[in-house]
Amino acid sequence: MCGATRGGLSLDGVDVAKEAVVQGVVLRDGEPVSPAYVRLLDRSGEFTAEVPTSATGHFRFFAKNGEWTLRALAPRSEPVDRRIVAAIGEVTEIEITV
Amino acid sequence: MTRETALVTADWVEEHLDDPKVVLVEVDEDTTAYDSGHIRGAIKLDWTTDLQDQVRRDFVNKPQLESLLSEKGIGNDDTVVLYGGNNNWFAAYAYWYLKLYGHQDVKLLDGGRKKWELDGRELTDEPTKRESTSYTAQEQDHSIRAFRDEVVSAIGAKNLIDVRSPDEFAGRLMAPAHLPQEQAQRAGHIPTAGNVPWSKAANDDGTFKSDDELRTLYTAAGVDESRDTIAYCRIGERSSHTWFVLHELLGLANVKNYDGSWTEYGSLVGVPIALGDEPGEVSA
């Protein structure tokens, strides 16, 4: 695998076939938000991981098959939750507006 | 140690930005975060290069640490205030590391970089220059560092706390979910270990929960305060955060961090491993 997915982070060096990639961008008024933080919560709502957004508002997780919740934390915003489903071999792209 | 001596607030840090005896140190999992912006006057420690031996798997030795801290401008009597991203994950690791080498006055900025940013407080990309010092470290304090043989003999005998996420504990994930999952070693956890994910000790904004909430959390997971305790995770950083909570905030005696953690234990030949969500039996 090589090359970037549409509008998303480059997947160069990532063996997509073996990973359940969940990635996307945090937006406010259509503009990327940085700094912001995105948390990955498991199906029971338990924290699994957290990343700061990049300068372009992007984030990425390597999950596993199943349901997850993404929670975006950004300055001057209430937390925003998005439920998603991840699967090994697929890249799940999410836009979160805060 | 208590919350009053081990933690400072963001307001306290802002009041001490120009205090020459207070050294702000950023330690992040993302070692480039500092370069894009840091608290004014803060210096950076890189956990991958500054704190790890670059050949064998171990920490830098005492003379190497002395030369590092001297060059960074940290004096033996300075107040070191650590902060970083991800609920102070790596800042707590550096806190434990500095305690291991005997630095007296170390504190964590409660909430770390995340709370600072979410509060909208100022960051700068101005480089920080401190005068070099002549730092003298102590020999490692092994009363807070656990090694593998002690961990194996602690099965069923001491409090073992696995602070990874439930999916890592059960063996369904091999690493935190923001890292690629391919690993060589076996999945699972040390038999009899309770699973208290490190993140449960922190609020969403990265600040630590109250002492009462923390005590309830660990008691409910079966931590017996009359026993010695060993915390571990994958590479010993998240478990530093839990070590900080148990030893520095709640004041439990005899708490060790196992920095070898799952990447060592899960690669050992012949040791017992438990799979699934339950702690498992001594003979697993």
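Note on naming: letters A, B, ... go to the chains in the order of the sequence lines (proteins, then strands), and numbering restarts at 1 for each one.
In this structure, the portion of A/Y37 lying under 4.5 Å from any heavy atom of chain B is its side chain and not its backbone. The parts of B/R113 that come within reach of chain A are both its backbone and its side chain, each placing non-hydrogen atoms under 4.5 angstrom from that chain. Proximity to chain B (any heavy atom under 4.5 Å) is restricted, for A/L40, to the side chain, taken from C-beta onward. Proximity to chain A is limited to the side chain of B/W198, based on heavy atoms less than 4.5 angstrom apart.
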Query raised in the report: Between B/D167 and A/R43, is a salt bridge (Lys or Arg N to Asp or Glu O under 4.0 Å) present by the stated rule, with each step listed?
Result: CA-CA 10 Å; B/D167 282 327; A/R43 62 197 176 287; 3.8 Å; yes
Report task. Report the C-alpha distance between B/S199 and A/E46 in whole Å, list the side-chain angles of each, state the deciding distance to 0.1 Å, and finish with yes or no for side-chain contact (heavy atoms from CB on, under 4.5 Å). Result -> CA-CA 9 Å; B/S199 51; A/E46 183 55 57; 3.7 Å; yes
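Applying the 6.0 Å contact sphere to CD of B/Q52 captures more than 12 heavy atoms from other residues, nucleotides or ligands. Counting non-hydrogen atoms of other residues, nucleotides and ligands closer than 6.0 Å to CD of A/E78 gives a total of 12 or fewer. The local environment of CG in B/D11 is crowded, with over 12 non-hydrogen atoms from other residues, nucleotides or ligands closer than 6.0 Å. Annotation for B/E122: atom CD does not count as buried by contact number, only 12 or fewer foreign heavy atoms lying within 6.0 Å.
Two residues are said to be in side-chain contact when any heavy atoms from C-beta on lie closer than 4.5 Å; B/N87 and A/R39 meet this criterion. Put simply, the side chain of B/L173 reaches to within 4.5 Å of the side chain of A/T48, judged on heavy atoms.
A salt bridge between B/R172 and A/D42 is absent, with no side-chain N of the basic residue lying under 4.0 Å from a carboxylate O of the acidic one.
No other option in A/R71, A/R76, A/K64 has as many heavy-atom pairs under 4.5 Å with chain B as A/K64.
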